[in-house]
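In what follows, a single structure is set out as C-alpha cells and then discussed.
Numbers here simply count residues along the sequence, with the first being 1. What's counted below: heavy atoms across the whole structure, side chains too, no hydrogens, waters or symmetry copies.
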Amino acid sequence: MAEASDRTGALYQNLVDAGCGKTLIRQFMALAEEGKEAEALPLLKRHRRALLDCCHAEQKKLDCLDYLVYQIEKQANKT
C-alpha cells in the first residue's frame, strides 16, 4: 500500500512541478486512481501545448527585443 501512496504523491508532485492547475490535477488524479491514465493523456498534451505556446510567445518577444538592440547598436556604430 505504501508503494501506491508513494506513486500517487510523486505523480501529484510532478503535475505541480509541471505547472498544472488545481482543476487539471484533480481531473488527472481521478482518472489515474481509476487506472485510466491513458485517457488522461489529452489533458497533459493540452497543458503541454499551452506551455509551448507561452514559450513561443516569449521567444517572439525576445526576437523583437534582439532586433531593436541590433538596430540601435548598428546606428550607434555609424556615428
Side-chain angles (χ1 to χ4, degrees):
M1 188 70 178
E3 289 179 13
S5 178
D6 291 345
R7 183 177 182 283
T8 300
L11 183 58
Y12 177 84
Q13 188 59 52
N14 191 284
L15 293 168
V16 169
D17 293 345
C20 297
K22 291 179 183 181
T23 301
L24 173 59
I25 292 172
R26 273 194 301 269
Q27 291 171 333
F28 187 91
M29 294 301 289
L31 289 168
E33 286 176 15
E34 296 174 13
K36 299 179 180 178
E37 289 178 358
E39 291 180 31
L41 280 177
L43 298 173
L44 298 180
K45 289 182 179 185
R46 186 170 44 246
H47 182 66
R48 184 186 187 284
R49 194 173 321 116
L51 290 174
L52 191 56
D53 288 345
C54 288
C55 286
H56 289 157
E58 295 302 312
Q59 182 62 53
K60 184 176 180 180
K61 291 175 188 177
L62 284 169
D63 292 344
C64 290
L65 187 57
D66 288 346
Y67 180 73
L68 179 59
V69 168
Y70 167 77
Q71 289 296 323
I72 293 171
E73 288 177 344
K74 182 178 169 184
Q75 187 64 33
N77 288 336
K78 284 185 179 180
T79 57

Are Q59 and D63 close enough that a side-chain donor and a side-chain acceptor fall under 3.5 Å?
yes

Contact check, side chains of T23 and R26, non-hydrogen atoms, under 4.5 Å:
yes

Min side-chain heavy-atom separation L15-L24 under 4.5 Å
no

Please determine whether residues L11 and L41 belong to a single hydrophobic cluster, defined as Ile, Leu, Val, Met, Phe, Trp and Tyr linked transitively by side-chain heavy-atom distances below 4.5 Å.
yes

Main-chain N/O of E73 paired with N77 side-chain donor or acceptor, under 3.5 Å:
yes

Note: H47 and A18 closest approach over all heavy atoms is NE2-O, 2.9 Å

Rounded to the nearest 0.5 Å, the CG atom of L52 sits from the NZ atom of K45 at a distance of 14.0 Å

Which value, rounded to the nearest 0.5 Å, describes the distance between I72 atom CD1 and Y67 atom OH?
11.0 Å

d(D53 CG, R48 CZ) to nearest 0.5 Å is 10.5 Å

From M29 CE over to C20 SG, what is the distance, rounded to the nearest 0.5 angstrom?
11.0 Å

Can you see which heavy atom on L31 is nearest to which on A40, and at what distance?
CD1-CB, 3.7 Å

What is the distance from atom CG of L43 to atom CD of E37, rounded to the nearest 0.5 Å?
12.0 Å

